[in-house]
Amino acid sequence: MKKILILGAGTAGTIMANKLSQNLNHEEWQITIVDKHETHYYQPGFLFIPFDIYSRNDVVKPKRDYIPTSVEMILSSVEVIEPENNRVKLTDNRILGYDYLILATGSQIKPEETVGLKEGGWYKNIFEFYTPEGAVELQKFLKHWQGGRLVLNIIEMPIKCPVAPLEFLFLADWWFTEKGIRDKVDITFVTPLPGAFTKPRAAQILGSFLEKKNINLVAEYNTGSVDWENNKLVSFDEQEIEYDLLVTIPTNMGSDLIERSGMGDELNFVPTHKHTLQSKKYENVFVIGDATDLPSSKAGSVAHFQADVLMENFLRHIDGLPLLEDFDGHANCFIESGFGKGLLIDFNYDVEPLPGKFPLPGVGPFSLLQETKMNHWGKMMFRWVYWNLLLKGSELPIEAQMNMAGKMR
Amino acid sequence: MPVKEIAGIQVDFDDEGFMTNPDQWTKEVAQALAKEEGIGELTDGHWKVIDFMRNDFKEKGQPPTIRRINKVGGVPTKDLYTLFPKGPAKKAAKIAGLGKPQGCV
Ligand SMILES: Cc1cc2nc3c(=O)[nH]c(=O)nc-3n(C[C@H](O)[C@H](O)[C@H](O)COP(=O)(O)OP(=O)(O)OC[C@H]3O[C@@H](n4cnc5c(N)ncnc54)[C@H](O)[C@@H]3O)c2cc1C
């Protein structure tokens with residue numbers, strides 16, 4: 001029996017377990033997946049917890065329910081990968097050998113990378129919403145908050161789901177309006193980017209939304225430390241920004257496992273071929289999802305598009321065929337914009353998010369970079385799609401490669 | 001594309017003032033660009049950053065990020081901001097004759 005080992009049973013690992021199980025001969029291949037946690041979190045749902053739209057129970061399911069029975073699942077933390085020996089060591093000292101390895105260990109927040117961030121103010125008046133704990137703590141805080149200066153800052157790029165901070169701001173504007181205290185809350189967005197978003201067209205359009213919603217923008221601000229005793233951010237060049245409530249997007253880094261195994265870059269992301277998803281260093285290692293160092297968005301939709309390409313390339317590799325350079329960086333993200341509306345962006349490595357229409361067979365066209373009720377509905381439907389189609393590796397009516405149809409330059 | 005004569009050499013730039021041909025770079029060009037950026041005389045501290053960036057660029061094919069200059073190049077981020085105030089990654093890449101650092105998504 002040949003062995004294929006998947007590390008990480010989050011979005012990307014779960015999709016691959018399903019696809020491999022569907023495509024490989026079970027007499028020939030043993031598929032194994034390892035994760036340290038038994039609970040699968042629907043991470044896009046974390047955004048809604050602070051505003052009491054979802055609770056923690058709305059975003060969790062047992063991981064095992066999504067792994068096919070033909071796949072061996074091991075609940076354990078991985079201690080180290082030894083790619084030279086084609087094996088990994090688990091924390092309980094068990095050794096697993098492999099013929100092929102798929103790395104799907106994701107990315108995580110690292111608040112301890114910033115001086116003063118995870119200290120006296122942490123979960124008191126400094127919060128994050130990239131973990132379930134953080135999102136729940138923030139919900140409790142917001143419930144009783146009477147207003148003041150709300151600052152949301154991005155410490156450094158890249159971060160997973162780069163639109164999530166904007167969505168948080170839009171929802172905050174809506175939430176405080178609903179509570180009747182919007183006039184008592186001053187909202188400021190602090191980012192190291194030159195504008196509201198990474199790409200120029202979207203940055204301009206999303207920037208105008210910030211203005212319309214009366215949200216201040218401080219661009220090109222690199223947070224050096226947090227002076228939590230005096231409630232202010234201090235940048236590397238000594239500019240200060242005061243807050244009463246800080247919602248932070250800490251540094252995002254790949255799993256510590258990648259660092260322990262010496263397989264990552266300075267952010268513990270794994271050097272990966274941009275179009276094939278093969279590791280740059282090891283021929284029998286593939287990388288998918290947030291764990292890669294690719295300049296594509298770190299998002300669930302991207303992991304889904306990557307999985308199509310990875311599956312095809314895996315089948316080609318075992319048959320000795322050259323790999324296809326088919327991954328184009330495609331991302332497709334709904335952006336919740338508050339008051340029951342949303343936006344949609346669709347882009348890849350070469351084409352930035354553009355306005356226009358996004359055709360979706362059977363459902364109808366969505367509007368790109370425009371606020372509509374239908375986009376909000378798309379965003380809320382995504383949870384159902386995630387649990388019922390995406391994780392199971394089912395075909396979605398969206399091609400892995402981006403399509404120009406409907407987009408306007 | 002704009003061409004300018006700097007320190008006796010014809011140098012190609014893009015619209016944002018980043019050199020487009022790293023082979024046209026010399027130490028004299030770097031010094032001249034530093035003056036344009038308002039940095040003045042380049043010190044050993046500046047050269048340490050510039051040398052690291054050029055070597056790293058040769059290896060990786062893209063200008064290093066602030067974090068990489070810190071972690072791999074060994075330059076504390078605070079010092080980097082003192083040496084190249086306001087956006088050191090961009091400014092240092094400009095003076096080192098490298099293209100504009102790619103924004104992330
Ligand atoms: C607030 C927020 C909002 C988001 N919104 C959206 C959205 O609207 N749309 C969208 O498409 N995406 C969104 N995302 C992003 C999306 O959730 C991620 O991109 C996606 O889950 C990445 O999948 P992954 O498999 O690469 O990583 P993950 O799903 O994070 O899985 C990684 C797994 O690896 C395991 N692991 C790591 N190290 C080890 C180890 N040493 N041993 C054992 N196991 C290990 C972890 O336990 C984890 O289960 C959002 C994310 C956040 C945080």
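By convention in this document, chain letters (A, B, ...) are assigned in the order of the sequence lines, proteins followed by strands, and residues within each chain are numbered from 1.
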A.B. asks: Would you say that B/Met19 contacts B/Leu33 through its side chain, given a criterion of any heavy-atom pair below 4.5 Å between the two side chains?
C.D. replies: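 Touching, per the 4.5 Å side-chain cut-off.
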A.B. asks: For B/Lys90, is it the side chain, the backbone, both or neither that has a heavy atom under 4.5 Å from a heavy atom of chain A?
C.D. replies: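 It is the side chain, since no backbone atom gets that close.
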A.B. asks: I want to check a possible cation-pi pair here: A/Lys118 against A/Trp228, using under 6.0 Å from ring centre and within 45° of the ring axis as the test.
C.D. replies: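 No, A/Lys118 does not sit over the ring of A/Trp228.
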A.B. asks: Decide if the gap between the ring center of B/Tyr81 and the ring center of A/Phe236 is smaller than 6.0 angstrom.
C.D. replies: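 Yes; A/Phe236 has its ring centre under 6.0 Å from that of B/Tyr81.
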A.B. asks: Could you check which of B/Lys86, B/Arg68, B/Arg67, B/Lys78 has the highest count of heavy-atom pairs closer than 4.5 Å to chain A?
C.D. replies: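 The option with the most such pairs is B/Arg67.
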A.B. asks: With a 4.5 angstrom heavy-atom cut-off, is it the side chain or the backbone of B/Thr82 that approaches chain A, or both, or neither?
C.D. replies: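 Neither part.
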A.B. asks: Which answer fits A/Glu238, side chain, backbone, both or neither, if we ask what part of it has an atom under 4.5 Å from a heavy atom of chain B?
C.D. replies: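 Contact with chain B: side chain only.
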A.B. asks: Taking every non-hydrogen pair under 4.5 Å, which of A/Glu220, A/Glu352, A/Glu156 racks up the most with chain B?
C.D. replies: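 It is A/Glu156.
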A.B. asks: Under a 4.5 Å heavy-atom cut-off, does chain A meet the side chain of B/Lys71, its backbone, both or neither?
C.D. replies: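 Just its side chain gets close to chain A.
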A.B. asks: For A/His273 together with A/Phe327, are the ring centres under 6.0 Å from each other?
C.D. replies: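 No.
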A.B. asks: On the ring face of A/Phe269, is A/Lys298 found with NZ or CZ under 6.0 Å from the centre and within 45° of the axis?
C.D. replies: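 Verdict for A/Phe269: a cation-pi partner in A/Lys298.
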